[in-house]
Amino acid sequence: ERGEYRHYMLKEIHEQPNAVAETLEERVTHDHLLAAAFGPDAERLLAEVEGVHIIACGTSYHAGMIARYQIEQLAGLPCNVEIASEYRYRDPVVPERHLFVCISQSGETADTLAALRLAGEKGYLARLAICNVPESSMVRESDLVLMTRAGPEIGVASTKAFTTQLSALALLALALGKAHGRLDAEAEANAVAELRALPTAIEAALELDGPIEKLAEHLVHRHHALFLGRGVHYPVAMEGALKLKEISYIHAEAYAAGELKHGPLALVDEDMPIIAVAPSDALLEKIRSNLEEVRARGGELIVFSDAESGFLPDERTHVIALPRAGGPLTAPAIFTIPLQLLAYHVAVHKGTDVDKPRNLAKSVTVE
Ligand code: M6R
């Protein structure tokens, strides 16, 4: 039931604080990750893992791309992420003691399911499914399961499934880091505290709905938009671009901001809005200089950042500062919220069928 909300998508966007809290429930205490979060035998198994392959489609693939940065950083393990429709038709080479991870809201996406089955023949240490539907094929066919607890997602554009996937993947990165002795008690307690603060940080981000709705007016009549991010926020930018194209039918592309000079900078003129995800992290100065180049070429900028970043608005630069920007484990989920809201409001202004965008199905069960 949509209740007070105009669309399921908007309802699901607002359900995220709760969905994330549910997904963390009974998996972390106040200061540590619970060993049983991944099932009884998982601790021993995770300690044996020497590398991770993540496979998914669409939004779930973006979650995997984000997890890669976190798994490499926290666990020091090599991690590859690939689209299921590519993986299943390669002949993937699987080094010893690798963990296969598939991510899927529905657990029924044809390509991801085929990848999971192919992985069964490839000698992985184990196959883990991160999934939102308990009775799905992927859950039945995997060795390990970590459920996201987003509840049913009706809107075709994935929102709460994504942020709960990010929460589950953060737990995986932590569990791997712990199993490999890379996380002392203090680091673990800090990471868990950061995760536990995520629902509140998402709530704070949702408060920005008003200003974002206003900004959406700038995009309604545009035909193109460029999303930029760096590091872990590059896949966040990809997710923002996917949301916009999916429900507003505006052509949107995401680039790692460092790639601008290698081609896409040629697209920038007054008609090309640039949407940047630029929190105060280690790469802030890098993306700042990328954005200055865009600005110098007349592009209109919409910058999602935080209070510390020092971005100043002017007539062609709109700055939205997130009140709680989170740390390396949670910032991607937090910065996704304004991008979801932006896409939503642009679509509503344009009058598209937000919950059922043209040509798309909620679950892609055929190739
Ligand atoms: O159910 P899945 O997570 O396997 O679905 C994967 C994609 O089809 C899905 O994320 C799709 O990209 C969404 N419509 C994006 O909003």
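When a ligand or atom number is given, it counts from 1 through the structure's own listing order. Start at 1 with the first residue, then count along the sequence. Given the structure is predicted, the values throughout are model-derived calculations rather than measurements.
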Student: After noting the C-alpha distance and the side-chain angles of L228 and I275, does the key distance pass the side chain to side chain contact (heavy atoms under 4.5 Å, CB included) rule?
Tutor: CA-CA 6 Å; L228 299 176; I275 296 143; over 6 Å; no

Student: Extract all N/O-N/O pairs under 3.5 Å that connect ligand 1 to the protein, and present each with both atom names and the distance rounded to 0.1 Å.
Tutor:
from, atom 1, to, atom 2, distance (Å)
ligand 1, 1 (O), S104, OG, 3.4
ligand 1, 1 (O), Q105, N, 3.4
ligand 1, 1 (O), S106, N, 2.9
ligand 1, 1 (O), S106, OG, 2.7
ligand 1, 1 (O), T109, OG1, 3.4
ligand 1, 3 (O), S60, OG, 2.6
ligand 1, 3 (O), Q105, N, 2.6
ligand 1, 4 (O), S104, OG, 2.6
ligand 1, 4 (O), T109, OG1, 2.5
ligand 1, 5 (O), T109, OG1, 3.4
ligand 1, 10 (O), T59, N, 3.1
ligand 1, 12 (O), T59, N, 3.3
ligand 1, 14 (N), V156, O, 3.0
ligand 1, 14 (N), E246, OE2, 2.5
ligand 1, 16 (O), T59, OG1, 3.3
ligand 1, 16 (O), S158, N, 2.8
ligand 1, 16 (O), K243, NZ, 3.0
ligand 1, 16 (O), E246, OE1, 2.8
ligand 1, 16 (O), E246, OE2, 3.0

Student: With no hydrogens and no angle check, do the side chains of R295 and T317 hold a donor and an acceptor under 3.5 Å apart?
Tutor: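 A donor-acceptor contact under 3.5 Å links the two side chains.
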
Student: Counting C-beta onward and ignoring hydrogens, is there a side-chain heavy-atom pair between H345 and L219 closer than 4.5 Å?
Tutor: no

Student: Under a 4.5 Å cut-off applied to non-hydrogen side-chain atoms, are L360 and E246 in contact?
Tutor: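 Heavy-atom side-chain distance check passes, below 4.5 Å.
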
Student: Go through the structure and list residues passing ring pair (Phe, Tyr, Trp, His ring centres under 6.0 Å) with Y87, not counting sequence neighbours.
Tutor: F100

Student: Among V268, L267, D269, find the one that has a side chain to side chain contact (heavy atoms under 4.5 Å, CB included) with D271.
Tutor: D269

